[in-house]
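Working notes for the structure below.
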Amino acid sequence: MKLAGAGMRIAIVEDNEALAHAIAYRLRDRGHAADVLHDGHDADRFLAREGADLVVLDINLPGLDGLGVLRALRARGDGTPVILLTARSDIADRVDGLDSGADDYLVKPFEMDELEARIRALSRRRDLDYGTREPLGTLEYDRAARQVLAGGEALNIPRRELAVLECLLERRGRIVSKAQLTDHVYGVGADVDDTAVEPHVSRLRRRLSGHGVSIKTARGLGYMLETTP
């Protein structure tokens, strides 16, 4: 079974390492990139710098607690969907979390199937709210459908190449390091060498050739997306 919105980048912020990695394993198996973080301050910095399509956020974290992470996210004007993980007795925390901008919550212990169902629901909601098309040379990028269109027809671009394109597109005109691309495609903490993105970049470059889109290599630094009208 594939989740709706497959291919999302999901941040898992949970200090129970076994649970965090179990969630990450399940989501990666469903075709997502999963970033795993165990500390509230680390999570806040990561979300401010890298962002995510959805956040699974435990309330009880070392450093900055989950509600602090959530409030900082919303204070930046970031509307990324957030699912809170709470203990059964933390009713007040759940109320505070929803009042602070959480989209949903799950009470521990929970079934992975239920977490996936909550993610599907939030993904559908996000796609309804995020239905814009962005010019990309002579192409268009449909954010809601996560497709590259040529004359209204979708190009066949594999998921990991599409993730590379999205990362470069978010930072259009700026150099993106191989490490940043690897984190975006495979998730922070994945046991993957930075060179793993090189074939994805190479194939994507060939697919976009002739469409006014180029991926420049900055030797020793990374890659940069450039477009012409």
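Under the side chain to side chain donor-acceptor pair (under 3.5 Å) criterion, Arg172 pairs with Glu134, Thr227, not counting sequence neighbours. Listed by chain and number, the residues in a side chain to side chain contact (heavy atoms under 4.5 Å, CB included) with Arg76 are Asp44, Leu47, Ala48, Ala72, Leu73 (sequence neighbours excluded). Partners of Leu149 under the side chain to side chain contact (heavy atoms under 4.5 Å, CB included) rule, at least two apart in sequence or in another chain, are Arg133, Glu140, Asp142, Gln147, Ala154. Evaluation of the side chain to side chain donor-acceptor pair (under 3.5 Å) rule for Glu14 yields Lys108 as partners, not counting sequence neighbours. Remark: Ala218 engages Ile175, Leu221 in a side chain to side chain contact (heavy atoms under 4.5 Å, CB included) (not counting sequence neighbours). Glu226 meets the side chain to side chain donor-acceptor pair (under 3.5 Å) test with no other residue; sequence neighbours excluded. Under the salt bridge (charged side-chain N to carboxylate O under 4.0 Å, His left out) criterion, Arg206 pairs with no residue at all, not counting sequence neighbours. His200 meets the ring-ring contact (aromatic ring centres under 6.0 Å, His included) test with no other residue; sequence neighbours excluded. For Arg160, the salt bridge (charged side-chain N to carboxylate O under 4.0 Å, His left out) test picks out no residue, with sequence neighbours left out. With sequence neighbours excluded, the residues that form a side chain to side chain donor-acceptor pair (under 3.5 Å) with Thr217 are Arg205. Listed by chain and residue number, Ile83, Asp104, Leu106, Glu114 satisfy the side chain to side chain contact (heavy atoms under 4.5 Å, CB included) test with Arg118 (two or more places apart in sequence, or in another chain).
Thr138 places a side-chain N or O within 3.5 Å of a backbone atom of His211 that can act as its donor or acceptor partner.
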Review point. Can Arg45 and Asp42 be said to form a salt bridge (charged side-chain N to carboxylate O under 4.0 Å, His left out), step by step?
Key: CA-CA 5 Å; Arg45 285 190 291 268; Asp42 290 343; 2.6 Å; yes
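For the pair Leu85 and Tyr105, the minimum side-chain heavy-atom distance is 4.5 Å or more. In this structure the side chain of Arg171 reaches within 4.5 angstrom of the side chain of Gln180, judged on heavy atoms.
Sorted by first and then second residue, the salt bridge (charged side-chain N to carboxylate O under 4.0 Å, His left out) pairs with a member in residues 59-69 form an empty list; sequence neighbours excluded.
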